[in-house]
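Scroll down for the structure; my scribbles are underneath it.
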Protein chains: 2
Amino acid sequence: MEEFENQELFKKNNIKNTKHRNLVLDVLKESQFPITTEDIYLKLQERGAHISLSTIYRILDVFANKGMVVKAIISEGSKAMVELQHLEHKHHLICKECNKIVAIEDCPFEEFAKALEKKTDFDITGHKLEIYGYCPACKE
Amino acid sequence: MEEFENQELFKKNNIKNTKHRNLVLDVLKESQFPITTEDIYLKLQERGAHISLSTIYRILDVFANKGMVVKAIISEGSKAMVELQHLEHKHHLICKECNKIVAIEDCPFEEFAKALEKKTDFDITGHKLEIYGYCPACKE
DNA sequence: GTTTATTTGCAAATCATTCGCATTCGCTTT
DNA sequence: AAAGCGAATGCGAATGATTTGCAAATAAAC
């Protein structure tokens, strides 16, 4: 069934259904939050899958081009890492101390976008919102 | 007076007032939008200033640590570049075709943040919002 | 099963950013 | 204004993440 879902998704996006794409997609599905390419690599190694890092980069590129995933960048201060997130529209609240990430359901932006389109005459296709702060445990 | 402003800013932040820091700060002041380290480097070269790229990285690091500038990341698709922006709170509307950047005055987020703090018990210190789309010229 | 285009592994290349060390510079104290 | 000290700078080399070239393996169509 997992397998089946994947297959459909690949078909819908016109890309081949390969063993490695399945593995990567499974990891992405399991992960509630953005993860790095390397995280995926390590997870797959733990499971005994033999897949090279560059393959993962390539797979993520394909997924991103098809809009199956979205590249996100989490940063503040000097850190800056590129990650992936699932398609659902969602934002994150990131603790500056412990890097804990919490997902936020509501998005205050939808209406604002419409007003902005009128004002700027842009065709707005998406947005990215990240919120920073200190989590309950790190507030001290 | 330019000079003078810079000097005050350096003093306020407890960092030395050097020729190179002045040059970099001037470029940052002139630039309405986030620019890359390399952009700064090229601009300074045009003006005949002799300054090494690594020095600019170091200067920007110092500025960022003092909160004089904020590192921003503009991305969509596979691009991802780290840039700098001035302190004022501002968001950007970015054209996916021509990369034109337009600043947005209003921020829909302020009230939302308060509600979110209550809900999550986080201490929220900041956020980053980037909006993507096609500008009037590229809408086609 | 064969064919054909695509995907993958591997190692090497590339890109931005950082670092080490010798030299120079800015600020403070005379 | 000159001397001394710690910080800032240039240069080139090191690092780390991501990309690429090419030959071999694989998936989808026939």
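Bear in mind the structure is a predicted one, so any value in this text is a computation, not a measurement. Chain identifiers are assigned alphabetically (A, B, ...) following the order of the sequence lines, protein sequences preceding nucleic acid strands; residue numbering begins at 1 within each chain.
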> Just by distance, with hydrogens left out, do A:H20 and A:H50 show a side-chain donor and acceptor under 3.5 Å apart?
Replying inline: no
>> Just by distance, no angles: are the side chains of B:H91 and A:H127 close enough, under 3.5 Å, to form a donor-acceptor pair?
In response: no
> Could you walk me through whether A:K11 and A:E5 pass the salt bridge (Lys or Arg N to Asp or Glu O under 4.0 Å) check?
Replying inline: CA-CA 10 Å; A:K11 180 160 280 176; A:E5 276 178 27; over 6 Å; no
> What distance do A:R21 atom CZ and A:Q7 atom CD have between them, rounded to the nearest 0.5 Å?
Replying inline: 13.5 Å
>> I need a per-nucleotide contact map over nucleotides 22-30 of chain C, read 5' to 3'. Cutoff is protein heavy atoms under 4.0 Å; write B for the base, S for backbone only, - otherwise.
In response: ----BS---
> A:D26 and A:N6: side-chain donor and acceptor closer than 3.5 Å?
Replying inline: yes
> If we fit an axis to the first five pairs and another to the last five of the helix from C:dG1-D:dC30 to C:dT30-D:dA1, what angle do they make, to the nearest 10°?
Replying inline: 40°
> In residues 42-55 of chain B, what residues come within less than 4.0 Å of DNA chain D, judged by heavy atoms?
Replying inline: B:H50, B:I51, B:S52, B:S54, B:T55
>> Measure CG/A:L23 against P/C:dG9 and give the value in whole Å, please.
In response: 10 Å
>> So, taking the atom named CG in B:D39 and the one named OG in B:S31, what distance separates them when rounded to the nearest 0.5 Å?
In response: 8.0 Å
> Can you tell me if the side-chain N/O atoms of A:H20 get under 4.0 Å from OP1 or OP2 in D:dA27?
Replying inline: no
> B:Y57 side chain: which of C:dG9, C:dA16, D:dT18 is closest?
Replying inline: C:dA16
> How long is the line joining CG of A:N13 and C1' of C:dT7, in whole Å?
Replying inline: 17 Å
> Between atom OH in A:Y41 and atom C1' in D:dG16, what is the gap in whole Å?
Replying inline: 15 Å
>> If you define the side chain from C-beta out and look only at heavy atoms, does anything of B:L93 sit under 4.5 Å from B:I101?
In response: no
>> Output the rounded distance in Å from CG (A:D61) to C1' (C:dT7).
In response: 14 Å
> Can you tell me how far C1' of D:dT19 sits from CD1 of A:I56, to the nearest Å?
Replying inline: 15 Å
>> Could you check whether A:N14 and A:K66, counting side-chain N and O atoms only, form a donor-acceptor pair closer than 3.5 Å?
In response: no
> Given atom CG of A:N14 and atom P of C:dA5, what is their separation to the nearest angstrom?
Replying inline: 17 Å
>> Within this structure, what is the CD1-OG1 distance for the pair A:I131 and B:T120, rounded to the nearest 0.5 Å?
In response: 8.5 Å
> Looking across every strand, which nucleic acid part, if any, lies under 4.0 Å from B:R58 by heavy atom: base, sugar-phosphate, or nothing?
Replying inline: base
> If you measure from CD on A:E130 to NZ on B:K128, what distance do you get to the nearest 0.5 Å?
Replying inline: 6.0 Å
> Rounded to the Å, how far apart are B:F63 CZ and D:dA7 P?
Replying inline: 18 Å
>> If we check side-chain contact (heavy atoms from CB on, under 4.5 Å) with A:F63, which of these qualifies: A:N13, A:L25, A:L9?
In response: A:L25
> Within this structure, what is the CD-to-C1' distance between B:E38 and C:dT14, rounded to whole angstrom?
Replying inline: 14 Å
